[in-house]
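Okay, structure first, notes after.
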There are 2 protein chains.
Amino acid sequence: MLFNEAFKAIADPTRRKILSLLKSGDLTAGEIASHFDMQKPSVSHHLKILKQADLIQDQRVGQHIYYSLNTTVFQDLMSWFYDFLQKEGDK
Amino acid sequence: MLFNEAFKAIADPTRRKILSLLKSGDLTAGEIASHFDMQKPSVSHHLKILKQADLIQDQRVGQHIYYSLNTTVFQDLMSWFYDFLQKEGDK
DNA sequence: TCTATAATTAGAAAAATATCTAAATATCTA
DNA sequence: TAGATATTTAGATATTTTTCTAATTATAGA
C-alpha cells in the first residue's frame, strides 16, 4: 500500500496545486509548469512524486506527456479521514 | 487557515499513528510515547506539530497532560478530497 | 538526417524535518 | 521544602526534501 507515499505527496502545496489544476482536465507537463514560478525540472520532480503515489497518471502523445488525475486513491485517503469523524471507540 | 500545516502534520506515519491511538480515547503524553520506539522528547515534538495543526488538543490534569482529537479539522481535510471525486470540470 | 521542442534525469546545494541527549519546568507527595 | 514523576524545551546531528543548472532522451517536421 502506498498510503504513506500518498500522504507525503499531498503534504506539499505545489503538488496540491497541481492536483487542483488537473481537476479541470488533463494537462501537459509544460502547461502544468507554466502555472508555477519554478523551473521545469522541479515541476517534473513533483509530477514524479504524485505519479509514484498513484495520484496521477501520464500518457505520452507525440512530444507531449499528458497528466491526469487518478481518483481511486483519493477515495482511500478520504476514508482515512472519515474514520475519525465516527470514532466509535476502538479502531 | 492552517490547511498546509494539517497536511504536513498528517504526512508523517508516527503522527498518523498518534491520531489513530487517540480515536480510542484520550491519552497522556506518556501513554502515547509508550507506543513508540522513540524517546519521549521526539514524541513530544510530534504532539506539538499535531497541536499546532489543530488536529489535537491538550489539557493538563495534575502531572499529566491529556491529549485528545479535535475532529473539526478532519472534516475540512476530508472535504478537500471529496472535491476531487466530483470534479465537475471547473474549480 | 538535422534542428527545434517537450520533458526527464543527474548531481549539487540549500532548506526543512526527525531524532537524540541533557537540561528545564510543572506538579504531586511526604 | 525536598525528592520523584511527567512532560517539554534547547541545541546538536543526521536524514530527507526541494530546487537549481546542465545534460540527456524522445518526438516532430523540414
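Numbered from 1 within each chain, the chains take letters A, B, ... in sequence-line order.
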**Asked** What residues, two or more places apart in sequence or in another chain, satisfy side chain to side chain donor-acceptor pair (under 3.5 Å) together with His46(A)?
**Response**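 Listed in chain order: Arg15(A).
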**Complete:** The dot-bracket string of DNA chain C, counting Watson-Crick and G-U wobble pairs with both distances under 3.5 Å, using [ ] for crossing pairs and | for pairs to another strand, is ||||||||||||||||||||||||||||||
Rounded distance in Å - [atom1] ([X]) to [atom2] ([N]):
X	N	atom1	atom2	answer
His46(A)	dT18(D)	NE2	P	6 Å
Leu50(A)	dT18(D)	CG	C1'	14 Å
Phe36(A)	dC20(D)	CZ	P	12 Å
Gln59(A)	dA26(D)	CD	P	18 Å

**Prompt:** How close do Ala29(A) and Leu47(A) get, heavy atom to heavy atom, and via which atoms?
**Reply:**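 The pair with the smallest heavy-atom distance is CB-CD1, 4.1 Å.
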**Prompt:** Which residue pairs pass the ring-ring contact (aromatic ring centres under 6.0 Å, His included) test with at least one member in residues 12-42 of chain B, sequence neighbours excluded?
**Reply:**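 Applying ring-ring contact (aromatic ring centres under 6.0 Å, His included) to every pair that reaches into residues 12-42 of chain B, excluding sequence neighbours, yields nothing.
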**Request:** Provide the full list of ring-ring contact (aromatic ring centres under 6.0 Å, His included) pairs with a residue in residues 7-33 of chain B, sequence neighbours left out, each pair given once.
**Result:**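 Pairs touching residues 7-33 of chain B that pass the test: Phe3(B)-Phe7(B), Phe7(B)-Trp80(B).
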**Request:** Quick one: pull up CG in Leu19(B) and CD1 in Ile32(B) and give me the separation to the nearest 0.5 Å.
**Result:**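 If I round to the nearest 0.5 Å, the distance is 9.5 Å.
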**Prompt:** So how far is it from Asp26(A) CG to Leu21(A) CG, rounded to the nearest 0.5 Å?
**Reply:** 12.0 Å
Side-chain donor-acceptor pairs under 3.5 Å in residues 49-66 of chain B, sequence neighbours left out?
unit_1, atom_1, unit_2, atom_2, d
Lys51(B), NZ, Asp58(B), OD1, 3.3
Lys51(B), NZ, Asp58(B), OD2, 3.0
Arg60(B), NH1, Gly62(B), O, 3.0
Arg60(B), NH1, Gln63(B), O, 3.4

**Request:** Using a heavy-atom cut-off of under 4.0 Å over every strand shown, decide if Ile32(B) touches base, sugar-phosphate, or nothing.
**Result:**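 No contact at all - Ile32(B) keeps every heavy atom at 4.0 Å or more from the nucleic acid.
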**Heavy atoms from other residues, nucleotides or ligands near NZ of Lys17(B) exceed 12 (cutoff 6.0 Å)** = yes
**Message:** Checking the side chain of Thr28(A) only, and the main-chain atoms of Glu31(A) only, is there a donor and an acceptor separated by less than 3.5 Å?
**Reply:**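 It does hold such a pair.
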**Terminal contacting nucleotides, 5' and 3', DNA chain C versus chain A (heavy atom, 4.0 Å)** =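 Answer, 5' to 3': dT5(C) to dT9(C).
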**Prompt:** Does Pro13(A) have any side-chain contact (heavy atoms from CB on, under 4.5 Å) partners at least two apart in sequence or in another chain, and if so, which?
**Reply:**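 Result, side-chain contact (heavy atoms from CB on, under 4.5 Å) vs Pro13(A): Arg16(A), Asn4(B).
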All N/O pairs under 3.5 Å across the protein-nucleotides 7-12 of chain D interface:
unit_1, atom_1, unit_2, atom_2, d
dT7(D), OP1, Ala29(B), N, 3.4
dT7(D), OP1, Ile65(B), N, 3.3
dT7(D), OP2, Gly30(B), N, 2.6
dT8(D), OP1, Tyr67(B), OH, 2.3
dT8(D), OP2, Ser44(B), OG, 2.8
dT8(D), O5', Ser44(B), OG, 3.1

**Request:** Sort and list the pairs that fulfil salt bridge (Lys or Arg N to Asp or Glu O under 4.0 Å) and have at least one residue in residues 34-45 of chain B, not counting sequence neighbours.
**Result:**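 Of all non-adjacent pairs touching residues 34-45 of chain B, none passes salt bridge (Lys or Arg N to Asp or Glu O under 4.0 Å).
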